[in-house]
Every structure is written in structure tokens, then in C-alpha cells.
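The structure appears below as C-alpha cells.
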Amino acid sequence: MGCALSGLEAKAEFGERTTEEDAAAAAAAAAAAACPSEDQIQMIKDSWKVIRDDIAKVGIIMFVRLFETHPECKDVFFLFRDVEDLERLRTSRELRAHGLRVMSFIEKSVARLDQLERLEALAVELGKSHYHYNAPPQYYSYVGAEFICAVQPILKERWTVELEEAWKTLFQFVSSLMKQGYQEESDRQHYLTLSPKERPDKRNTAL
């Protein structure tokens with residue numbers, strides 16, 4: 001997956017397609033996204049031992065950078081959408097709390113790298129919850145890119161091209177699963193809005 005850092009920032013693919021096409025595309029993307037290799041998993045775990053000592057700092061830097069590079073992301077956060085002075089956010093208790101929640105998810109993801117079924121379930125469920133936060137899927141990759149930028153100064157000489165690729169692979173894998181979860185929840189909510197007559201007859205669609 002030798003993409004540049006911006007490669008994490010995949011554009012939204014939800015246009016004029018039907019929900020069935022969206023669901024199929026999300027599932028296909030999740031299946032195509034490779035999980036980290038054994039060597040990459042070890043590199044991620046080793047680097048996390050250093051990163052976790054500064055998780056609050058990384059969380060704040062990550063989101064301040066996110067709002068600088070993608071100001072439209074502020075619209076998802078009611079508390080921050082009208083903040084123009086991003087420097088004020090560096091001392092925001094609310095942003096610190098949210099940053100810690102995201103870092104906690106990353107920590108859980110790292111801990112589950114040896115149990116991919118649990119990691120997949122965690123990421124899909126988070127994607128479903130983000131549907132209700134009205135957080136579009138394209139934002140997920142942005143966070144991964146900013147995390148990578150935020151941790152490089154902390155890791156200093158430990159940071160390598162190989163380690164960067166390992167973290168990219170993890171975020172691409174997790175983001176694809178979150179997008180799948182988001183789409184599944186979107187489809188479920190759409191189904192619930194249909195009248196009984198409008199709902200597809202599963203007996204007729206079964207293979």
C-alpha cells in the first residue's frame with residue numbers, strides 16, 4: 001500500500017448510487033484493505049509503548065491539525081464548530097477529552113491486532129455509531145493522517161519509512177471497516193423508514 005500520506009485521505013464515494021451499491025462498495029473496500037503484516041504489527045506495538053506516554057498531547061495535536069487542514073470537520077463537533085482561534089483549542093478540556101477517547105480507540109485497536117475478529121467488530125461498531133454522530137466516512141482517513149503527523153516528533157529517530165507504512169496500513173484497514181459499519185447502519189435506518197409494503201420481500205430475494 002505504498003501510498004503517500006495524503007493517500008489516507010480518501011475522497012467520499014457516496015454519490016448518486018443506490019444503497020445496495022453503497023453497501024456492496026463498502027464491503028468490497030473492507031475486504032480489499034489489507035491488515036498489517038506480522039512485522040508491521042510488531043512495529044506498531046513497539047512504537048505504541050512510546051506514544052502512549054503522550055496520548056493526551058497527541059490527541060490534542062491531532063485534532064487541532066485536523067481542524068487546520070480540514071476546517072469542514074468542525075461541523076461535526078457542536079462545541080468547536082464556531083471556534084475560529086484554533087490555538088484556544090489546545091487548552092480546551094472538551095477537545096482533550098475527545099482526543100483521549102480517540103486515542104483509547106487506537107489503543108484498543110493496537111491491543112486487538114493479534115485478534116483480528118475482535119478488531120473488525122470494534123471498528124464496524126464504531127462506524128455504526130458515527131452514523132448517528134453525522135460524521136461522514138471520508139473524515140475517518142483524515143484522522144489517521146493527522147495521527148501519523150502528530151507522533152513523528154514524539155518517536156524521533158525511531159520513526160522510519162517502514163513504521164509509517166505500518167501505521168498507514170492499520171488506519172486504512174480500520175477506516176475501511178468503519179465505512180462498512182457506517183453504511184450498514186445507514187441501510188438499516190433507511191429500511192426502518194420504509195412502510196411494510198415498500199420493504200423488500202426477503203423470501204423473494206433469497207438465493
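Residues take their numbers from the sequence shown, with the count starting at 1.
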**Message:** I need the full list of ring-ring contact (aromatic ring centres under 6.0 Å, His included) pairs touching residues 81-123, with sequence neighbours left out, sorted by first then second residue.
**Reply:** Phe63-His98, Phe77-His98
**Request:** Work out which heavy atom in Pro136 is nearest to a heavy atom in Tyr140; give both atom names and the distance.
**Result:** O-CE2, 3.6 Å
**Contact check, side chains of Val151 and Trp159, non-hydrogen atoms, under 4.5 Å** = yes
**Asked** Do the non-hydrogen side-chain atoms of Leu170 and Leu113 ever get within less than 4.5 Å of each other?
**Response** yes
Tell me every residue that passes side chain to side chain donor-acceptor pair (under 3.5 Å) with [X], counting only those two or more places apart in sequence or in another chain.
{"X": "Ser109", "value": "none"}
{"X": "His130", "value": "none"}
{"X": "Arg93", "value": "none"}
{"X": "Arg52", "value": "none"}

**Request:** Determine the interplanar angle of the Trp167 and Trp48 rings, folded into 0 to 90°, and report it as parallel if under 30°, tilted if 30 to 60°, perpendicular if over 60°.
**Result:** tilted
Please answer whether the main-chain N or O of [Y] pairs with a side-chain N or O of [X] as donor and acceptor at a distance below 3.5 Å.
{"X": "Lys179", "Y": "Gly127", "answer": "no"}
{"X": "Glu164", "Y": "Val161", "answer": "no"}
{"X": "Ser186", "Y": "Tyr182", "answer": "no"}
{"X": "Thr169", "Y": "Glu165", "answer": "yes"}

**Fill in**
Contacts satisfying salt bridge (charged side-chain N to carboxylate O under 4.0 Å, His left out) that involve residues 123-145 (not counting sequence neighbours) are Glu125-Lys128, Lys128-Glu184
**Asked** Could you give all pairs that pass the salt bridge (charged side-chain N to carboxylate O under 4.0 Å, His left out) test and reach residues 95-110, with sequence neighbours left out?
**Response** none
**Complete:** Hits for salt bridge (charged side-chain N to carboxylate O under 4.0 Å, His left out) against Arg158, two or more places apart or cross-chain, chain-then-number order -> none
**Request:** Go through the side-chain N and O atoms of Gln172 and Ser141 and say whether any donor and acceptor fall under 3.5 Å apart.
**Result:** no
[X]: partners by side chain to side chain contact (heavy atoms under 4.5 Å, CB included), with sequence neighbours left out:
{"X": "Glu94", "result": "Leu79, Phe80, Ser92"}
{"X": "Glu87", "result": "Asp85, Arg90"}
{"X": "Ile154", "result": "Val50, Asp54, Val58"}

**Message:** Let me check something: do Ile61 and Ile55 share a hydrophobic cluster, defined by ILVMFWY side-chain heavy atoms less than 4.5 Å apart, either directly or through other members?
**Reply:** no
**Request:** Step by step, work out the side-chain contact (heavy atoms from CB on, under 4.5 Å) result for Tyr131 and Met178.
**Result:** CA-CA 10 Å; Tyr131 172 84; Met178 287 182 64; over 6 Å; no
Only distances under 3.5 Å count here; give the side-chain donor-acceptor pairs of residues 117-124 to other protein atoms, sequence neighbours excluded, each with its distance to 0.1 Å.
from: Arg118; atom 1: NH1; to: Gln115; atom 2: OE1; distance (Å): 2.9

